[in-house]
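Predicted, not measured: the structure shown is a model, and the values here were computed from it. Lettering follows sequence order; numbering is per chain, from 1.
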Number of protein chains: 2
Amino acid sequence: MKYPNTKKLIVEKALDYFSNNGYAGASIRQIARAVGIRESAIYNHFKSKEEIFLAILSEFKPRSLSEKIMSDDLLDELDNPEKFLQDFAKRLIEYWNTPKERKFIRLLLMEQFTKIGSLELSVSDYINELRGISKLIFSEMIKNNIAKKYDPEILAEQFTAPLFLIRTEHLAKDDKIDFEKVSVMVKKHVNFFWNSIKL
Amino acid sequence: MKYPNTKKLIVEKALDYFSNNGYAGASIRQIARAVGIRESAIYNHFKSKEEIFLAILSEFKPRSLSEKIMSDDLLDELDNPEKFLQDFAKRLIEYWNTPKERKFIRLLLMEQFTKIGSLELSVSDYINELRGISKLIFSEMIKNNIAKKYDPEILAEQFTAPLFLIRTEHLAKDDKIDFEKVSVMVKKHVNFFWNSIKL
DNA sequence: TGATTATATTAACGAGCGTTCATTAGGGAA
DNA sequence: TTCCCTAATGAACGCTCGTTAATATAATCA
């Protein structure tokens with residue numbers, strides 16, 4: 001019989017426990033039991049609890065958001081700016097709504113202040129990724145004379161902040177959520193935002 | 001000599017440790033040492049660690065924000081709406097910047113997902129307080145024909161979300177921060193917001 | 001004053017923690 | 001088959017955890 005990919009399973013189950021109980025509140029024994037092995041077997045794959053934590057974080061480095069969200073068919077819509085923004089926001093919250101991202105935002109919010117988390121986790125780093133993309137979009141819109149000549153950074157902030165708040169409030173907890181309701185909130189936000197900046 | 005108010009000291013130091021290490025990551029012994037007593041003496045004042053946690057939360061029930069922020073001289077400025085909003089936002093972040101509120105927002109963000117925190121802590125509950133006040137303000141502005149006839153709830157959301165994000169990013173960590181820089185960010189936000197809704 | 005009450009100490013408990021070690025089982029390469 | 005390496009086990013380590021019990025001390029009150 002082939003070996004199952006235990007290392008991957010450990011990271012997976014560790015994310016479950018860390019994101020619900022916090023790093024300090026989760027134990028190696030819990031994780032091992034969830035994987036289906038004894039706690040000592042964990043140390044064949046990781047040399048410490050901290051190393052498991054860092055292995056999780058390495059999967060969520062702030063980068064490549066635009067790859068995951070942007071695509072050619074989205075960029076084709078740039079001549080219909082509101083539709084573009086709506087679709088962009090829609091893809092964003094769909095991505096944030098995936099199970100792994102929901103777990104990660106919990107981990108990020110929980111551990112950003114702790115000793116172990118503060119070294120590697122920064123809310124700003126993750127939001128800055130989205131800010132950067134947004135700034136590019138709005139700079140382009142201004143250049144093309146379809147949006148008012150505001151500071152693109154402020155526009156990025158105004159576009160981004162309500163989305164991140166929706167993520168924090170509705171796309172973090174493990175509960176079943178009414179995603180349709182969240183979608184409506186996002187649509188209303190983007191609609192208001194676009195009406196504020198369109199020429 | 002009179003007894004020092006040990007109970008209050010325990011709550012104070014517990015907030016320090018809980019807000020930096022999380023509930024699970026902080027120990028009764030750490031807290032006791034910070035207070036200057038042995039861990040067993042804690043139990044003369046609280047019957048469990050959980051009771052200390054709940055005592056902290058009872059100091060931060062979501063209410064009375066308007067009492068802390070609003071005042072007559074602020075309401076007198078309602079005929080100068082932008083100045084009113086600027087001063088309102090300024091008082092808000094000054095309040096959020098107090099040491100206790102900085103610690104509490106960390107505790108809230110960290111513990112909202114854990115077993116013990118999820119019963120009593122909800123980010124939405126705290127933001128809703130601000131949303132309610134904001135909604136009242138904007139309803140009044142619309143009625144007085146000084147703001148565009150948007151849905152007051154959306155206006156409250158647009159006004160509130162960037163402020164809460166600033167709180168999360170810049171008014172939570174224990175570091176020394178450049179408060180002047182934060183003030184400028186808030187001013188820019190309020191200015192953009194007002195320009196979007198003014199008649 | 002003496003009795004009472006509140007607050008502290010020291011010591012210990014059972015449990016769980018992260019981690020290590022010696023040993024065993026099993027799949028891949030020679 | 002034999003050898004090796006990976007991955008598992010069970011037992012134990014030293015430590016810390018939250019909590020309790022017995023006891024001492026210091027402030028309050030009759």
Side-chain angles (χ1 to χ4, degrees), chain A residues 1-58 107 110-111 113-121, chain B residues 1-58 107 110-111 113-121:
Chain A
M1 212 212 309
K2 260 196 78 181
Y3 285 129
N5 198 338
T6 306
K7 186 160 189 168
K8 204 171 170 183
L9 252 181
I10 292 170
V11 173
E12 205 175 302
K13 297 299 182 183
L15 176 56
D16 283 345
Y17 280 97
F18 287 162
S19 66
N20 283 319
N21 307 337
Y23 177 80
S27 80
I28 295 282
R29 280 172 177 82
Q30 284 179 317
I31 296 165
R33 197 172 310 125
V35 172
I37 57 176
R38 305 285 136 196
E39 66 272 16
S40 53
I42 295 259
Y43 292 86
N44 287 319
H45 304 275
F46 298 94
K47 67 182 222 286
S48 66
K49 186 185 184 183
E50 180 168 353
E51 205 179 80
I52 302 176
F53 182 74
L54 296 177
I56 292 174
L57 296 200
S58 73
L107 194 69
M110 292 175 92
E111 296 299 330
F113 305 118
T114 64
K115 199 161 195 185
I116 188 165
S118 62
L119 302 172
E120 305 265 348
L121 284 172
Chain B
M1 211 213 306
K2 260 195 76 181
Y3 284 128
N5 198 339
T6 305
K7 187 160 188 168
K8 205 173 169 182
L9 251 182
I10 292 170
V11 173
E12 205 176 299
K13 297 299 182 183
L15 176 56
D16 282 345
Y17 280 97
F18 288 163
S19 66
N20 282 320
N21 307 338
Y23 177 80
S27 80
I28 295 281
R29 281 172 177 82
Q30 285 179 315
I31 296 165
R33 197 173 310 127
V35 172
I37 57 178
R38 305 284 137 197
E39 66 271 18
S40 52
I42 296 258
Y43 292 86
N44 286 321
H45 305 275
F46 297 94
K47 68 182 220 288
S48 67
K49 186 185 183 183
E50 179 168 354
E51 205 179 79
I52 302 175
F53 182 73
L54 296 176
I56 292 174
L57 296 199
S58 73
L107 194 69
M110 291 175 93
E111 295 300 329
F113 305 118
T114 65
K115 200 161 194 185
I116 187 166
S118 61
L119 301 172
E120 306 265 348
L121 284 171

Colleague: For the pair B:Lys49 (side chain) and B:Ala26 (backbone), establish whether a donor and an acceptor sit closer than 3.5 Å, ignoring hydrogens and angles.
Modeller: yes
Colleague: Listed in order of residue number, which residues of residues 32-44 of chain A have a non-hydrogen atom at under 4.0 Å from DNA chain D?
Modeller: A:Ile37, A:Arg38, A:Ser40, A:Ala41, A:Asn44
Colleague: Is there a donor and acceptor pair closer than 3.5 Å between the side chain of B:Arg29 and the base of D:dG18?
Modeller: yes
Colleague: Who pairs with B:Lys115 by salt bridge (charged side-chain N to carboxylate O under 4.0 Å, His left out), at least two apart in sequence or on another chain?
Modeller: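 Listed in chain order: nothing, the list is empty.
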Colleague: Between atom CD1 in B:Ile10 and atom P in D:dG18, what is the gap in whole Å?
Modeller: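 Rounding to the nearest Å, CD1 of B:Ile10 and P of D:dG18 are 14 Å apart.
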Colleague: Mind checking side chain to side chain donor-acceptor pair (under 3.5 Å) for A:Thr114 and listing every partner two or more places apart, or none if nothing turns up?
Modeller: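 For A:Thr114 the side chain to side chain donor-acceptor pair (under 3.5 Å) partners, ignoring immediate neighbours, are A:Glu111.
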Colleague: Not counting sequence neighbours, which residues clear salt bridge (charged side-chain N to carboxylate O under 4.0 Å, His left out) with B:Arg33? List them please.
Modeller: none
Colleague: Could you work out, with side chain to side chain donor-acceptor pair (under 3.5 Å) as the rule, every residue matching A:Asn44, not counting sequence neighbours?
Modeller: none
Colleague: Just to verify, what does B:Asn21 make a side chain to side chain donor-acceptor pair (under 3.5 Å) with, not counting sequence neighbours?
Modeller: none
Colleague: Residues of residues 45-52 of chain B with any non-hydrogen atom less than 4.0 angstrom from an atom of DNA chain D: list those, numerically ordered, please.
Modeller: B:Ser48, B:Lys49
Colleague: Identify, with sequence neighbours excluded, every residue that meets salt bridge (charged side-chain N to carboxylate O under 4.0 Å, His left out) alongside B:Glu120.
Modeller: B:Lys61
Colleague: Test of understanding: with salt bridge (charged side-chain N to carboxylate O under 4.0 Å, His left out), list the residues that count as partners of A:Glu12, not counting sequence neighbours.
Modeller: none
Colleague: If you take any heavy atom closer than 4.0 Å to DNA chain C, which residues from residues 15-27 of chain A end up in contact?
Modeller: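 Under 4.0 Å from DNA chain C: A:Ala26, A:Ser27.
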Colleague: Suppose we screen for side chain to side chain contact (heavy atoms under 4.5 Å, CB included). Which residues come up paired with A:Ser48, at least two apart in sequence or across chains?
Modeller: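 Only A:Glu50, A:Glu51 meet the side chain to side chain contact (heavy atoms under 4.5 Å, CB included) criterion with A:Ser48.
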Colleague: Please collect all ring pair (Phe, Tyr, Trp, His ring centres under 6.0 Å) contacts where either partner lies in residues 21-52 of chain A, sequence neighbours excluded, each pair once.
Modeller: A:Phe18-A:Tyr23, A:Tyr23-A:Phe53
